[in-house]
Amino acid sequence: MTDPTKRQPLDLSSYQPAAGGIAARARAAAGPAYLSGLNPEQREAVETLDGPVLVLAGAGTGKTRVLTTRIAHILSTGRARPAEILSVTFTNKAAREMKLRLGQMLGQAVEGMPWLGTFHSIGGRILRYHAELVQLTSNFTVLDTDDQIRLLKQLLAADNIDDKRWPARMLAGLIDGWKNRGLTPSQVPAGEAAMFGNGRGGKLYAQYQERLKILNAADFGDLLLENIRLFREHPDVLRSYQNRFKFILVDEYQDTNVAQYLWLRLLSQTPSSSSLPGSTRQSISSQEDGSPGLAASRRPGDDVETSGNVVASTSAPPKNICCVGDDDQSIYGWRGAEVDNILRFDHDFPGAKVIRLERNYRSTGHILAAASHLIAHNEGRLGKTLRTEDVDGEMVTVTGAWDSEEEARAIGEEIEQLQRQGHALNEIAILVRASFQMREFEDRFVTLGLPYRVIGGPRFYERAEIRDALAYLRVINSPADDLAFERIVNVPKRGLGDATVQMLHDHARKRRIPLFDAARMVIDTDELKPKARGSLRGLIESFERWQVQRDAVAHTELAEIVLDESGYTEMWQKDRSADAAGRLENLKELVRSMEEFENLQGFLEHISLVMDREGGADEDAVSVMTLHSAKGLEFETVFLPGWEEGLFPHQRALDEQGRAGLEEERRLAHVGITRARKRAKLYFATNRRIHGTWNTTIPSRFLDELPAANVEITESKGGSGWGGMSGYGPSRFDNVESFGSSYSTPGWQRAQAQRGRSGGGSNGGRSGGFGESSSSYSSGSTRRAPFTIEGELVAKSTGTESAFSLKDRVFHQKFGYGHVTKIDGNKLTIVFDKAGEKKVVDSFVERA
DNA sequence: AAGATCATGGGTGAC
DNA sequence: CCATGATCTT
């Protein structure tokens, strides 16, 4: 990722506030310096401080810049002090970047922005202040997914539920889903609660919550849900936060789930000192627009409203909340994100000002046009028209490969070529749909000796040795943390096996006390064999000693003492396996990383919430990552392999979510293309191995949805090319039926036509073999290029006239002949002679 | 209590 | 094909 501001007219980062302070500086100039680099829309988004604002910021339009400048503006106009601005992001990375950029604008003033952070870290912080009100203590532990699953497994075992038939993972997923939707155990719809474990799902959720309280723990969902509960049950607490936060800013609003939405809604209401229960029942986000799914999911919200805490639009002006997002980049529906939150913003926050940022400062014309045309195929969107003043640049390329191996080889060669031309590898990324695709590239790059880095692999904190070390520290910090205790009770080996642990569990359960306390009691009895008893006593005494030391020595020193005295370090020193040295290194790194924290508590807080893998070396290397983890990044050159039906769009997205799933996949494709500044290179393979077996695949429908005018079909540079079976010899593919059928999609046909027209295709004659499919497509006849975008390379979405008019006689490659009965932007409703009425994007039909 | 073997299932993954 | 987890074995 490079500095996204660099193509903007004025580099804000060079702005240095005068010693007199930002306020003084702001008064000095009629238009403060930090505003002068903004375009009119950006400036409006920054300067519209009062009331709700939704900034629809397309890819590369300067979203982060608007957010940070807005904060600077609020501060410099004296509208609020740093501690009065609530600014939430989804990732720590985003929060860090905002802090960094703010620092560049404001100097040290950022230090005083205590409420800039992720939803979870802010939620967690608020929860710690009021822990006792939600049956926790302020040193509560934040459980990660692993702990969560282990806890659920225990509950399932206790209930004699077959873990095979009802996996703990599945229950964890359900509970997460409920929490994402803001549902406490009692609010889960009966039907859903019954879905798991023969009707026991709801009960298990309730049990799980009880256990969390006993463990003095909260999972990620709780950090928000318990916050909401806190606000609902203690209006005075809520009011204090409503009073505190004069301005609220939200990044990536399209990714918010219902719980986050509710949380924001609660905080964004203007506090009314006389919040009479039931006095204001008017709902803000309400009914009457038949959206059943949403209505159902919003039910908890209505609860909030009818309980009287919500101020209706008429009684008080809504808070100064500014949400920034892009509905076209909503790719986390599977994780509970509600695109509807952004689609309904002006409904939820009446009087909201909606500002669109449509000037793209990132990509060249062809790239932007391709991405825009693709995303225009989605129906559920607010519609933006991205523009660029950049040159057209290179066309987006689409390359077919015989199989995934050749795909990797071709991309490898292209990268080497770019490298020879002097392009930095850091400016090149490979973005895959699914992580299994990465291996092939790694293999290839290893043989080529091409430096690469995989982003988003196993994270630092997920490593066994880190989790073990943390478990020791967790027990010291919160002795009730049974999950941590259980993790390390026999690590390193102390002869405390299943039998001993089981015994401790029985003891603990009977007396309703933590395992640690149970252990302390048991060592004074003769219930254990002398050997195990002595071992356990040693451990307990160690912990008691460490607990005393916690307040006496620095936390980093404590960590070293613990790792040393527990025998944990020794365990790895003795280990002869290859990765033992690396693990010891990681432990050192862990201790090092503790230095920047005040104390143990602060460190543990951080570690549970900050999942970032520490930034790898700055060496020049190609980045390999999933499309999801690429969101928010940009590269000069982006390779997008695997554009095949079933993989992208992913079959499961289609199966499980239907059209909504397809649209989310399409947004993912849009995100992928818009990561590129200068070159976007798409690939598809005709054969791909999935779960060990080779499958013949069809090029992705998304390829068909690209505008021909901006796309160039190229031959694979991977040597023998598609037709060249020779390189592979008589192979395992001999049985594969003609792969010609793969090339009969409209996109392919079009590609051939395109190639013929432009004459640029290196070896057009060779394509003969591919086109001859059994399909009914009339090959040869030059097809009308699909909806192309002329001139200024502006994508047309909703609101644009189609090239067709009512009653036009048209031909569709799949549905045959028909006539247009309705036109909605570029979407046509057509009654086909044979296939009946269909809604079709106009690029799929031609005049008959 | 540790290692060996079978069985299962295999989008995306922040906090 | 592969990685992970549950079960079986020593």
Side-chain angles (χ1 to χ4, degrees), chain A residues 88-95 117-125 142-146 148-150 153 157 162-164 167-170 172-173 176 179-180 218-225 251-252 255-257 259-260 330-337 404 431-440 455-459 461-462 490-501 531-532 605-613 625-632 642 646-657 661 664-665 667-669 671-672 688-695:
Chain A
V88 276
T89 64
F90 273 83
T91 64
N92 288 296
K93 205 172 137 206
T118 63
F119 276 100
H120 291 86
S121 64
I122 291 172
R125 171 193 303 235
V142 178
L143 298 188
D144 62 27
T145 323
D146 247 50
Q148 203 183 348
I149 304 261
R150 267 184 304 142
K153 271 193 179 144
D162 183 9
D163 188 271
K164 273 263 174 61
R169 267 209 152 298
M170 182 182 172
D176 268 356
K179 289 187 174 177
N180 282 160
D219 64 17
F220 289 124
D222 282 344
L223 295 181
L224 282 162
L225 189 56
D251 191 15
E252 306 279 16
D255 287 338
T256 50
N257 60 37
Q260 287 154 344
S330 160
I331 55 176
Y332 285 112
W334 51 275
R335 208 161 73 182
S404 47
L431 311 182
V432 298
R433 175 62 183 80
S435 47
F436 75 83
Q437 292 172 261
M438 292 193 216
R439 240 196 41 194
E440 216 128 16
I455 297 184
R459 287 168 182 76
Y461 82 101
E462 283 173 350
N490 200 30
V491 181
K493 305 264 183 287
R494 302 188 173 87
L496 302 171
D498 290 350
T500 313
V501 173
K531 210 170 141 219
E605 160 88 338
H606 166 89
I607 207 74
S608 55
L609 289 175
V610 176
M611 313 297 208
D612 303 316
R613 186 236 278 290
M625 69 188 97
T626 63
L627 284 161
H628 282 91
S629 42
K631 193 169 80 156
L647 176 60
F648 193 33
H650 200 282
Q651 193 56 49
R652 259 171 82 167
L654 267 34
D655 293 346
E656 288 166 22
Q657 306 287 330
E664 183 154 314
E665 295 284 299
R667 291 194 290 267
L668 198 49
V671 166
R688 189 173 293 276
R689 189 163 44 181
I690 295 167
H691 305 335
T693 49
W694 285 92
N695 299 66

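For the numbers below, each heavy atom of this structure counts, side chains included, while hydrogens, waters and symmetry mates do not. Throughout, a chain's letter reflects where its sequence line sits, starting with A, and its residues are numbered from 1.
Remark: C1' of B:dG13 and NZ of A:Lys631 are 12 Å apart, rounded to the nearest angstrom. At whole-Å resolution of the value, CG in A:Asp163 and P in B:dA7 are 18 Å apart. Taking atom CE of A:Met438 as the reference point, atom C1' of C:dC2 lies 16 Å away to the nearest angstrom. Nucleotide B:dG10 holds its P atom 14 Å from the CD1 atom of A:Ile690, rounded to whole Å. When the P atom of B:dG13 is taken as reference, atom CD1 of A:Ile331 falls 9 Å away, rounded to whole Å. In this structure, CG of A:Asp655 is placed 16 Å from P of B:dT12, rounded to the nearest angstrom. Rounding to whole angstrom units, CG of residue A:Asp498 and C1' of C:dT7 are separated by 13 Å. One interatomic measurement links the two molecules: NZ of A:Lys164 to P of B:dT8, which rounds to 7 Å at whole-angstrom precision.
Separating the C1' atom of C:dA6 from that of B:dG11 is a span of 25 Å, rounded to the nearest Å.
Across all strands shown, A:Thr693 has no heavy atoms under 4.0 Å from either base or sugar-phosphate atoms. Within 4.0 Å of A:Arg439, counting heavy atoms only, lie sugar-phosphate atoms of the nucleic acid but no base atom. Residue A:Lys153 is in sugar-phosphate contact alone, with no base atom involved, counting any heavy-atom pair closer than 4.0 Å across all strands shown. Residue A:Gln651 is classed as having no contact, given no heavy-atom separation below 4.0 Å to the nucleic acid. A:Glu252 comes within contact range of no nucleotide atom at all, as no heavy-atom separation falls under 4.0 Å. Residue-level contact check: A:Gly124 touches neither bases nor backbone, having no heavy atom under 4.0 Å from any strand. Across all strands, A:Asp255 comes closer than 4.0 Å to no nucleic acid atom at all (heavy-atom distances). Using a 4.0 Å heavy-atom criterion, one finds that A:Ala434 contacts the sugar-phosphate atoms exclusively.
Judged purely by atom type and a 3.5 angstrom limit, A:Asp163 has no side-chain atom pairing as donor or acceptor with the backbone of A:Pro167.
Take the nearest nucleotide of DNA chain B for A:Ala499 and for A:Thr118: the residue whose nucleotide is more 5' is A:Ala499. Annotation: of the two residues near DNA chain B, A:Arg652 and A:Thr500, the 5′-most nearest-nucleotide partner is A:Thr500.
Contact check for A:Met438 versus A:Thr626: side-chain heavy atoms found under the 4.5 Å cut-off. Considering only heavy atoms from C-beta on, A:Val88 stays 4.5 Å or farther from A:Gln260 through its side chain.
A ring-centre distance under 6.0 Å is found for A:His628 and A:Trp334.
Under 4.0 Å is where a charged nitrogen must lie from a carboxylate oxygen, and between A:Arg433 and A:Glu665 at least one such pair does.
For B:dG11, the base has no donor-acceptor partner in the side chain of A:Glu664 [N/O atoms by modelled type, under 3.5 angstrom].
Checking C:dC1, B:dT12, B:dC15 against every side-chain atom of A:Arg689, the shortest atom distance belongs to C:dC1. Picking from B:dG11, B:dC15, C:dA6 the nucleotide with the shortest atom distance to the side chain of A:Phe220 gives B:dC15. The side chain of A:His628 has B:dT12 as its nearest neighbour among B:dT12, B:dC15, B:dG11. Picking from B:dC15, B:dT12, B:dG11 the nucleotide with the shortest atom distance to the side chain of A:Thr626 gives B:dT12.
Stacking of A:Trp334 onto the six-membered ring of B:dT12 is present: less than 5.5 angstrom between centres, less than 30° between planes. Ring-base stacking between A:His691 and B:dG9 is not satisfied when judged by a centre separation under 5.5 Å and a plane angle under 30°.
Each of A:Thr693, A:Asn695, A:Leu647 was scored for a side chain to side chain contact (heavy atoms under 4.5 Å, CB included) with A:Arg688, with one residue passing: A:Leu647.
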